[in-house]
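These notes are about the structure you will find just below.
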Amino acid sequence: MPELPEVETTRRGIAPHCEGQTITGVTVRNPSLRWPVPEDLAQRLEGQVIRTVDRRAKYLFLNLDGGTVIVHLGMSGSLRIIADDSPPMTHDHIDLQLQSGATLRFNDPRRFGCWLWADRATEHPLIASLGPEPLSPEFNGGLLFRASRGKQTPVKSFIMDNHVVVGVGNIYANEALFKAGIHPRRKAGRISADRYHRLAEAIRETLSAAILMGGTTLRDFVNSDGKPGYFAQSLLVYGRTGQPCPDCERPLKEIRMNNRATVYCSRCQR
DNA sequence: AGCGCGACCTGGAGGC
DNA sequence: TGCCTCCAGGTCGCGC
């Protein structure tokens, strides 16, 4: 489900209900996520106050006084605020009871997500080596250009590499490459600085537009209120194989790259 | 070292 | 209705 806009939408949805709240109870129904949920999670959390809810890449941080819960939603995870005491459904793996009476509930059918503990989140191995945030000032075309010199890997794989820039998942990689007019298979090391400036701008635009619209809803994404996002209506190429290119009207092509659907216009993208 | 791919899971859609 | 195959928004870590 979630790419960066969905994760940010989730953060904005849950933060007001979590920040300043004492955790009064922890229920782990299924600890078998991507990595096992720490056995002492409840012990660490109970009685602690959630100070802030932050995001780094697609990770959410529940910051407590003595450390951080690092949450990833994987492909199918979601966090909801449950106001009443409605019973857990299938795949509701973790509940945090809050002092307010609300529950922060984690659901993840495929269990690719994770809940981890870190004394210092920024030093955790999963976090420490991440590239810059795509919406931060340090992310720009120059950075992409420098990082790509000598790279043989296709540009689509390059911008989806979290060590280069975080938060560019499959949907938005397809969209940004279309906007920048770059063929997804072009070797990263053979793209000019000018074109990387356009690409960086396209990434920034695509992600911020999606955040404004509450994320992309394909199938079953719901944000923390249970509402869908509306960015799917704005997708230019993803999910539109065979339909006319928005610019030149030639049918959009689809190939597989790293086993992921890759949609592009063979005329507009070179 | 850089790159590509398998692996981790469940469920929905579509074909027969 | 049921069974089977394919597909899915992520990303780690292995093998070449």
Side-chain angles (χ1 to χ4, degrees), chain A residues 1-10 29-37 55-60 70-79 89-94 106-116 124-131 134 147-177 184-190 203 206-207 209-211 213-223 228-241 254-263:
Chain A
M1 149 209 335
E3 295 211 39
L4 185 137
E6 288 76 8
V7 179
E8 178 60 21
T9 298
T10 297
R29 299 188 190 82
N30 187 348
S32 315
L33 303 183
R34 172 154 198 174
W35 297 284
V37 176
R55 179 187 60 74
R56 174 75 175 99
K58 293 172 191 164
Y59 295 92
L60 288 169
I70 300 177
V71 177
H72 198 290
L73 303 178
M75 290 272 265
S76 58
S78 62
L79 284 170
M89 312 283 280
T90 320
H91 308 308
D92 282 342
H93 305 312
I94 301 178
F106 176 71
N107 180 285
D108 186 4
R110 292 174 73 179
R111 288 188 281 119
F112 288 177
C114 68
W115 276 57
L116 298 171
H124 191 280
L126 289 174
I127 307 301
S129 62
L130 293 173
S148 61
R149 291 310 88 187
K151 300 242 185 242
Q152 299 296 304
T153 198
V155 61
K156 183 176 180 232
S157 309
F158 175 70
I159 59 171
M160 290 179 72
D161 180 348
N162 276 337
H163 303 290
V164 175
V165 55
V166 301
V168 183
N170 192 44
I171 294 178
Y172 301 115
N174 279 298
E175 295 295 300
L177 287 167
R185 277 228 163 98
R186 178 164 291 276
K187 288 184 190 338
R190 300 197 48 206
I203 289 171
T206 307
L207 291 175
I211 290 171
M213 300 185 77
T216 303
T217 295
L218 301 176
R219 303 174 187 81
D220 55 356
F221 175 75
V222 291
N223 65 26
Y230 293 96
F231 191 69
Q233 303 161 17
S234 312
L235 295 176
L236 300 170
V237 293
Y238 186 85
R240 299 192 185 276
T241 306
E254 176 168 338
I255 54 178
R256 310 289 300 176
M257 289 185 61
N258 303 326
N259 209 26
R260 312 296 294 274
T262 304
V263 188

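Per chain, numbering begins at 1; letters A, B, ... match sequence-line order.
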[X] side-chain proximity, nearest of [options]:
X	options	result
A:Leu126	C:dC12, C:dG9, B:dG11	C:dC12
A:Lys58	C:dT11, B:dT10, B:dC3	C:dT11
A:Asn258	B:dC5, C:dT11, C:dC12	B:dC5
A:Trp35	C:dG10, C:dG9, C:dG13	C:dG13
A:Glu3	B:dT10, C:dG9, B:dC3	C:dG9
A:Pro154	C:dG9, B:dG4, B:dC9	B:dG4

Less than 5.5 Å between centroids and less than 30° between ring planes, does A:Phe112 satisfy that with C:dT11? no
How long is the line joining [atom1] of [X] and [atom2] of [N], in whole Å?
X	N	atom1	atom2	result
A:Met160	B:dC5	CE	P	14 Å
A:Ile171	C:dC7	CD1	C1'	14 Å
A:Asp161	C:dC12	CG	P	9 Å
A:Leu33	B:dA7	CG	C1'	16 Å
A:Leu60	C:dG10	CG	P	14 Å
A:Ile159	C:dG10	CD1	P	12 Å
A:Leu73	B:dC8	CG	P	22 Å
A:Lys156	C:dG9	NZ	C1'	11 Å

Would you call A:Thr262 and A:Leu177 a side-chain contact if the rule is heavy atoms closer than 4.5 Å? no
Fit a plane to each ring of A:His93 and A:Phe106, take the angle between them on a 0 to 90° scale, and name the class: parallel (under 30°), tilted (30 to 60°) or perpendicular (over 60°). tilted
Base, sugar-phosphate, or nothing: which does A:Phe158 touch, judged by heavy atoms less than 4.0 Å apart? nothing
Have a look at A:Asp108 and say if it touches a base, only the backbone sugar-phosphate, or nothing, with a 4.0 Å heavy-atom cut-off. nothing
Counting distance only, does the side-chain N/O of A:Gln152 pair as donor-acceptor with the main-chain N or O of A:Lys187 below 3.5 Å? no
So how far is it from A:Arg260 CZ to A:Met160 CE, rounded to the nearest 0.5 Å? 5.0 Å
Presence of [X] side-chain N/O under 4.0 Å of [N] phosphate oxygens OP1/OP2:
X	N	value
A:Thr153	B:dG4	yes
A:Tyr172	C:dG9	no
A:His91	B:dG11	yes
A:Arg260	C:dG9	yes
A:Arg34	C:dG10	no
A:Asn259	B:dC5	no

Aromatic contact between A:Tyr238 and A:Phe231, with the criterion being ring centroids under 6.0 Å apart: yes or no? no
C1' atom, C:dG9 versus B:dC3: distance in rounded Å? 23 Å
Which of A:Leu116, A:Val166, A:Val71, A:Ile127 passes side-chain contact (heavy atoms from CB on, under 4.5 Å) with A:Tyr59? It is A:Ile127
Any strand counts, and the cut-off is 3.5 Å on both contacts for Watson-Crick or G-U wobble. Which nucleotide pairs with B:dG14? C:dC4
Mapping A:Gly167 and A:Arg256 onto DNA chain C by nearest heavy atom, which one lands closer to the 5' end? A:Arg256
Assess whether atom CZ of A:Arg190 is packed by more than 12 heavy atoms of other residues, nucleotides or ligands within 6.0 Å. no
Indicate, yes or no, whether a donor-acceptor pair under 3.5 Å links the base of B:dC9 to the side chain of A:Arg110. yes
